[in-house]
2 protein chains.
Amino acid sequence: MVKNEMKKAITIKDIAKIAQVSESTVSRALRNNEVINKKTRERVQAIAKENNFKINAAARNLRLQKTNTIAVIILFNEKSGQSISDPFMLELLGTIADELTIQGYDMLLTTSKTTPGDWGNYYFESKRADGLIVIGQGEKDERIGLLAGENTPFVVWGLPDETKNYSTVGSDNIKGGYLAVSHLIAQGCKRIAFFGDIKHPEILARWQGYQQAHKEAGLIVDENLRTNLDFTSADGYKHAKNVFSKNVISADATFTGKNCPDALFAVSDAIALGAMKYFKESDIRMPEQVSIVGFDDIAQSEYAHPSLSTIKQNTKQGGVILVQNLLKKLKGEVIKTQLLEVELVKRESSAS
Amino acid sequence: MVKNEMKKAITIKDIAKIAQVSESTVSRALRNNEVINKKTRERVQAIAKENNFKINAAARNLRLQKTNTIAVIILFNEKSGQSISDPFMLELLGTIADELTIQGYDMLLTTSKTTPGDWGNYYFESKRADGLIVIGQGEKDERIGLLAGENTPFVVWGLPDETKNYSTVGSDNIKGGYLAVSHLIAQGCKRIAFFGDIKHPEILARWQGYQQAHKEAGLIVDENLRTNLDFTSADGYKHAKNVFSKNVISADATFTGKNCPDALFAVSDAIALGAMKYFKESDIRMPEQVSIVGFDDIAQSEYAHPSLSTIKQNTKQGGVILVQNLLKKLKGEVIKTQLLEVELVKRESSAS
DNA sequence: AAACTTATTGCAATCGATTGCAAAGCATCT
DNA sequence: AGATGCTTTGCAATCGATTGCAATAAGTTT
C-alpha cells in the first residue's frame with residue numbers, strides 16, 4: 001500500500017519518455033497534428049490516455065498567450081447591497097455560461113461588490129482572461145467608459161449608446177415601455193404609475209416608451225406618477241403602499257380620487273410582484289382597480305396570482321449574442337451594437 | 001499618432017531594464033520582499049505602477065503551481081433541462097462568489113449542463129483551479145464519489161453522508177422537515193401532503209423529518225400523500241391540481257372527503273408558490289383550507305399572497321463555510337462535514 | 001548510383017515569473 | 001590590514017507546452 005503516485009503530475013516529458021519520442025512529437029501528436037505519422041500519433045495518444053495525462057493549462061496559456069477564458073463581470077446596485085439578485089440577471093448569466101461552454105471557453109465570474117474594480121487590468125492585462133462580458137442592471141458605470149479606452153476586448157449588456165465607442169447587446173427598452181403602456185391604455189387605463197429609477201439608462205428608455213405611448217394616445221404625462229425605486233420586491237411593496245394608499249384610493253376602496261393611478265407599469269417583475277402583495281393586502285382588485293404590467297418575464301410571474309402581464313426580454317438570445325460578439329471581436333472582426341426584440345406577454349394582471 | 005504601444009504587454013524584464021536592476025530584484029521588490037533594500041523596493045514599485053505593469057498570471061501560475069482559482073460546479077437536474085434555475089441555488093452561488101473574492105480567489109463557474117463532466121481532470125489535474133466546490137440540487141451523482149478517489153481537493157453542498165469519504169456542508173434537512181411538519185400539525189392539520197422527490201438524498205431527509213413529526217404526534221404516515229416532482233413552480237402547480245382536485249375537495253370546495261389533505265409541505269418555495277397559484281385559481285383558501293409550508297425562504301416567498309411560511313436555510317453561512325472549508329483543505333487541514341441550522345419562518349400561509 | 005523529394009522527427013528557444021545559491025558591497029572588530 | 005558578518009543584488013535554473021527550423025529517413029527519378 002505504498003502511495004508512490006505521490007501527486008506529482010504527469011507531463012509531456014513523461015509521456016515522451018514512455019513513448020520513446022521527443023516532447024515536440026508528443027505535443028504535436030496530442031493536438032493531432034497531421035505532420036506526425038498516424039501510427040505515432042495514435043500510439044502517443046493512447047499512452048497519454050492510459051497515463052491520465054492532462055495538459056497543464058498554465059504552461060499552455062503562457063506559451064500561447066491565450067487563456068480560453070472569458071471573465072463575466074456583474075455590476076450591481078451599490079445601494080441595495082445585493083450581489084447576484086435579480087432573477088432576470090441570473091437567467092442571462094445562465095445562458096452566457098452555457099454558450100461559453102459550448103464555444104469551448106471557461107467562465108471566470110465576479111460580482112463587482114467585492115471586486116477591486118480594475119477589471120481591465122486584473123483580468124485582461126494580467127492574462128487571466130481573453131475578454132470581458134459586463135452585465136449590470138442598467139447602471140451607468142464610468143469604469144465601462146474607461147475600459148473602452150484601453151485595448152481590452154469586451155462587450156456590455158445594456159442600452160445601445162451611440163455616443164460610446166463600445167458595442168452593446170440589449171433589449172429594445174423604448175419599445176418595451178411603449179408596448180406595456182400602450183397595452184394598459186388600450187385596457188382603458190388613464191393614469192398609469194411608473195415604478196422605476198430613470199437614473200439607469202435602460203429605465204430611462206422605458207420611461208421614454210411610456211411617454212411615447214401617452215403622446216400617441218393623446219394623453220398627458222404626469223411626472224408625479226413616476227417613482228424612483230430599487231429593483232426589489234421590497235421596494236415595490238413599499239412604494240405601492242406609498243403611492244396607492246395615501247391620497248389615491250377613496251374610502252370605499254374604489255377609485256374616485258382625482259389623482260388615482262388606475263394602473264402600474266413596473267420596470268421589473270420583482271418590483272411588480274412586491275406591489276401586488278400590497279394590493280392583495282389592501283383588497284385592491286387586479287386588474288379591476290389596478291392593471292399591472294411588469295418587465296423581464298421571470299419564472300415566478302406566471303405563477304403569481306393574478307398572473308403577471310409583462311414585457312419579455314429574450315435572455316436566451318441575449319446571452320448567446322453577447323458571447324458570440326465577444327468571440328468575434330477576439331478574432332478581430334468588427335461587431336455592432338445589437339437591439340433585441342421584446343414582446344408583450346398578456347396575463348391576468350392586465351386583462352380586461 | 002503612431003501606435004507604438006502596439007499591445008506588447010510590459011513584463012518584469014522591461015521594469016528591470018528601466019529600474020536598472022535584475023529581474024529577480026524586480027520580482028522580489030514587487031512582492032515586497034524584505035530582503036530587498038527599502039529604497040529599491042519603493043523605486044521599483046513606483047516604476048511598475050507608472051508603467052502600468054500587470055503580472056502575467058499564466059507565468060506566475062506555472063512557476064508557483066497554483067492558480068488562486070476555485071472552480072464552482074453547479075449540477076442540475078437532467079430532466080428539467082434548466083441550468084441555473086432555482087433561486088436558492090443562486091443565492092448560495094452569490095455568497096460563494098463574494099467569499100471567494102474576499103479570500104483573494106477567482107471563481108471559475110460551470111454548469112454541468114454543457115460541461116463534459118470530468119471536472120476533476122479538467123479543472124484540477126490540468127491546473128485550471130486549485131480546488132472545486134460542487135453544488136447541486138441534492139442529486140446523487142456518482143461523479144462526486146469518483147472525485148473522492150482522486151486527490152482533487154473539493155467540498156460539496158449537500159447532505160452529510162458518513163458513508164462517503166468526503167466532507168460536505170449542508171442544512172439539517174431532517175430537522176427542517178420536522179420543524180415544518182410539526183408546525184403544521186400544531187396548527188391542527190392531520191393530513192399533510194408532501195411534495196418532493198425522495199430520490200434526492202436531501203429530500204429524503206426532509207421526508208424523514210416528516211415521518212418523525214408524525215410519529216411524535218401519534219399520527220400515521222400515509223405514503224399516498226407523498227408526490228415526486230421537480231423543483232419547479234410548474235411542477236408544483238401541476239401536482240397541486242392533481243392531488244387537490246381529483247378526489248379530495250368536495251363539490252362545495254370545502255374539505256369533506258376522507259382523503260383530503262389539509263396541508264402541504266413543499267420541499268422548495270418554488271414548488272409551493274406554484275401550488276399556491278392553483279389554490280388561488282380554485283378558490284381554495286389558505287391557510288383555512290390548506291396550510292402551506294415551503295423550504296428555502298427565497299426572496300419571493302415573503303411577497304407571495306398569502307406570504308409563504310417556510311424553512312429558512314442559512315445560505316450566507318453555507319457559502320462562507322464551503323469556501324473556508326475548501327481553503328482549509330488546501331492548506332492540508334482536515335475538515336469535517338458540517339450541518340447548518342435551519343429555522344421555521346412563520347407567515348400567513350400557515351397561520352392559525 | 002547520385003540527386004532530389006517528401007514524410008517524420010528532434011533540437012532548442014520561447015512564453016514570464018520565481019527562487020536557491022553565490023557573489024558583491026559595506027561596515028565592524030581584532 | 002585582514003578577518004568576519006550582515007545586507008543587498010544577480011545569475012541561472014525551473015515550471016510545462018509549443019513551434020520554427022534543421023536533420024534524418026525513406027522513397028523517387030534520372
Side-chain angles (χ1 to χ4, degrees), chain A residues 6-45 47-48 51-69 121-122 124-130, chain B residues 6-45 47-48 51-69 121-122 124-130:
Chain A
M6 280 322 247
K7 83 164 68 177
K8 182 65 188 152
I10 187 158
T11 70
I12 275 197
K13 187 181 279 181
D14 302 316
I15 301 297
K17 203 163 291 169
I18 299 172
Q20 299 282 359
V21 293
S22 72
E23 298 177 36
S24 23
T25 300
V26 174
S27 174
R28 293 190 175 104
L30 291 179
R31 310 199 71 200
N32 218 28
N33 190 326
E34 296 275 333
V35 88
I36 299 293
N37 184 294
K38 197 173 178 206
K39 274 217 178 104
T40 315
R41 257 185 290 162
E42 287 169 351
R43 192 166 58 86
V44 171
Q45 287 168 6
I47 290 175
N51 294 74
N52 194 35
F53 166 81
K54 294 300 157 193
I55 197 118
N56 183 310
R60 185 167 218 268
N61 291 347
L62 173 59
R63 178 62 228 238
L64 298 182
Q65 297 288 308
K66 183 169 191 303
T67 62
N68 249 271
T69 299
N121 280 326
Y122 185 76
F124 180 70
E125 297 295 338
S126 65
K127 303 272 183 283
R128 282 171 232 265
D130 298 336
Chain B
M6 280 323 243
K7 84 165 68 176
K8 181 66 188 154
I10 186 159
T11 71
I12 276 198
K13 188 181 277 181
D14 302 315
I15 301 296
K17 204 164 291 170
I18 298 172
Q20 298 281 357
V21 293
S22 73
E23 297 178 36
S24 22
T25 299
V26 173
S27 175
R28 293 188 174 106
L30 291 179
R31 308 199 73 198
N32 218 27
N33 189 324
E34 296 276 332
V35 87
I36 298 294
N37 183 293
K38 197 174 177 208
K39 276 220 178 95
T40 314
R41 256 185 292 162
E42 287 169 351
R43 193 166 57 86
V44 171
Q45 286 168 7
I47 291 175
N51 294 75
N52 194 35
F53 167 80
K54 295 299 156 193
I55 198 119
N56 183 309
R60 185 168 218 269
N61 291 348
L62 173 59
R63 179 61 228 241
L64 298 183
Q65 297 288 308
K66 183 172 192 300
T67 63
N68 249 270
T69 299
N121 280 327
Y122 185 76
F124 180 69
E125 298 294 339
S126 65
K127 302 273 183 284
R128 282 171 233 265
D130 298 335

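Each chain gets a letter, A, B and so on, in the order its sequence line appears, and its residues count up from 1. Scope of the values below: all heavy atoms of this structure, side chains included, with no hydrogens, waters or symmetry mates.
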Sugar-phosphate, base or nothing in reach of A:V21, heavy atoms under 4.0 Å: sugar-phosphate

Nearest-0.5 Å distance, OG1 of residue B:T11 to CD1 of residue B:I55: 10.0 Å

Short side-chain N/O contact from B:S27 to OP1 or OP2 of C:dT19, under 4.0 Å: no

Rounded distance in Å - CD (B:E23) to C1' (D:dT14): 13 Å

Closest nucleotide among D:dT18, D:dT9, C:dT8 to the A:I55 side chain: D:dT18

Interatomic distance, A:N68 CG vs D:dA17 P [rounded to whole Å]: 16 Å

Phosphate contact (D:dG16 OP1 or OP2) by A:R60 side-chain N/O below 4.0 Å: no

Residue B:R63, side-chain atoms from C-beta onward, closest of C:dT18, D:dT19, C:dG16: C:dT18

Separation of atom CD1 in B:I36 from atom C1' in C:dT19, rounded to whole Å: 12 Å

Side-chain N,O (B:T11) to OP1/OP2 (C:dG16) below 4.0 Å: no

Distance-only donor-acceptor test, B:R28 side-chain atoms vs C:dG20 base atoms, 3.5 Å: yes

Distance in Å, A:I10 CD1 paired with A:K54 NZ, rounded so as to fall on 0.5 Å steps: 11.0 Å

Most 5' of B:T25 and B:A58 on DNA chain C, judged by nearest nucleotide: B:A58

OP1 or OP2 of C:dA17 under 4.0 Å from side-chain N/O of B:N56: no

Side chain A:S24 and base C:dC11 donor-acceptor under 3.5 Å: yes

Interatomic distance, A:K13 NZ vs D:dC15 C1' [rounded to whole Å]: 10 Å

Residue of the set A:D14, A:I18, A:L30 for which side-chain contact (heavy atoms from CB on, under 4.5 Å) holds with A:F53: A:L30

Interatomic distance, A:N68 atom CG to B:R128 atom CZ [nearest 0.5 angstrom]: 8.0 Å

NZ (A:K17) with more than 12 external heavy atoms under 6.0 Å: no

Euclidean distance, atom CG of residue B:L30 to atom C1' of C:dG16 [Å, nearest integer]: 13 Å

Interatomic distance where CG belongs to A:L62 and P belongs to C:dA13 [whole Å]: 17 Å

Presence of A:T40 side-chain N/O under 4.0 Å of C:dT9 phosphate oxygens OP1/OP2: yes

Length of the line joining A:N32:CG and D:dT18:P, which is rounded to integer Å: 13 Å

Euclidean distance, atom CZ of residue A:F53 to atom P of D:dA17 [Å, nearest integer]: 4 Å

